[in-house]
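From a predicted model like this one, the values you see are computed outputs, not experimental measurements.
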Amino acid sequence: MEAVRKFLAGRGVGYYLSLLALACGIAAGVLYGCTGVTSFNPDYNTGVFICVWGGVALCAATIVFDCKEVRYVAAMLFLYGFMWYIYSQVTYIANVFVAIDGYGFTAAFLATFIAAFMAFVLALLGGILTNLRPRKRAAAEVKDESV
């Protein structure tokens, strides 16, 4: 138990944000795989799959190796995957805006949209906040006070 506590105490905020980005990226990839083909979009867009799953792989790598630059690359892959997703669903979005196919977006579209966007934001924040380690700083302050 002490080894796990020591391992987690040495990790910064970016580590935990990368875990959340990994979860959102997996959710976005699975949701797109399940709901990406609609009557407006008869085929999957391979760009979405390549970028989202590439971002997931890089987020998983940053959990092991804790590299700031790789977190930025993962964030950019998630951003490109998000943009490819919007591009693949542009006909559906346009039809909703002009009320051809109802007045609102489906729950599947909104869930995929939010998961892909949150994967990008969390991976970007993980890269920005990689070096922020509040637990390590608090532990150092406790040691200084005890002397």
task = Measure the shortest side-chain to side-chain distance between V37 and D43 over non-hydrogen atoms and say whether it is less than 4.5 angstrom.
result =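 V37 does not reach D43 side chain to side chain.
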
key: Test item: T106 and Y92 side chains (from C-beta on) under 4.5 Å apart, heavy atoms   = yes

Taking all non-hydrogen atoms of both residues, which atom of [X] and which atom of [Y] are closest, and how far apart?
X    : Y   : answer
L122 : C24 : CD1-SG, 4.0 Å
F120 : L79 : CD1-CB, 3.6 Å
A123 : A21 : N-CB, 3.6 Å
G12  : Y16 : O-CD1, 3.3 Å
L77  : G54 : CD1-C, 3.7 Å
F78  : G25 : CE2-CA, 3.8 Å

Pairs under 3.5 angstrom only: tabulate donor-acceptor contacts from the side chains of residues 28-35 to other protein residues two or more places apart or in another chain.
residue: Y32; atom: OH; partner: N45; partner atom: N; Å: 2.7
residue: T35; atom: OG1; partner: L31; partner atom: O; Å: 2.7

Atom pair [atom1]/[atom2] of [X] and [Y] - distance to nearest 0.5 Å:
X    : Y    : atom1 : atom2 : result
C59  : I63  : SG    : CD1   : 6.5 Å
N95  : T91  : CG    : OG1   : 7.0 Å
F105 : T112 : CZ    : OG1   : 12.5 Å
L20  : Y15  : CG    : OH    : 11.5 Å

Connected via hydrophobic side-chain network under 4.5 Å: [X] and [Y]:
X    : Y    : answer
L110 : V90  : no
L129 : V73  : no
F117 : V48  : yes
L58  : V56  : no
F109 : I114 : yes

inquiry  = I86: which residues meet the side-chain contact (heavy atoms from CB on, under 4.5 Å) condition with it, sequence neighbours left out?
reply    = F82, I93, F113

query = Is it true that atom OH of Y87 has more than 12 heavy atoms of other residues, nucleotides or ligands lying nearer than 6.0 Å?
reply =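 No, OH of Y87 has 12 or fewer neighbouring heavy atoms, counting only those of other groups under 6.0 Å.
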
ask   = Is the CZ atom of F49 crowded by more than 12 outside heavy atoms at less than 6.0 Å?
value =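 Counting other residues, nucleotides and ligands, CZ of F49 exceeds 12 neighbours.
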
task = Please step through side chain to side chain contact (heavy atoms under 4.5 Å, CB included) for the pair V96 and Y103, ending with a clear verdict.
result = CA-CA 6 Å; V96 169; Y103 293 102; over 6 Å; no

query = Quick one: ring pair (Phe, Tyr, Trp, His ring centres under 6.0 Å) partners of W53, sequence neighbours excluded?
reply =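 If we apply the ring pair (Phe, Tyr, Trp, His ring centres under 6.0 Å) test to W53, skipping adjacent residues, there are no hits.
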
Residue from L17, L125, I128, D66 passing side-chain contact (heavy atoms from CB on, under 4.5 Å) with R71 =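 That would be D66.
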
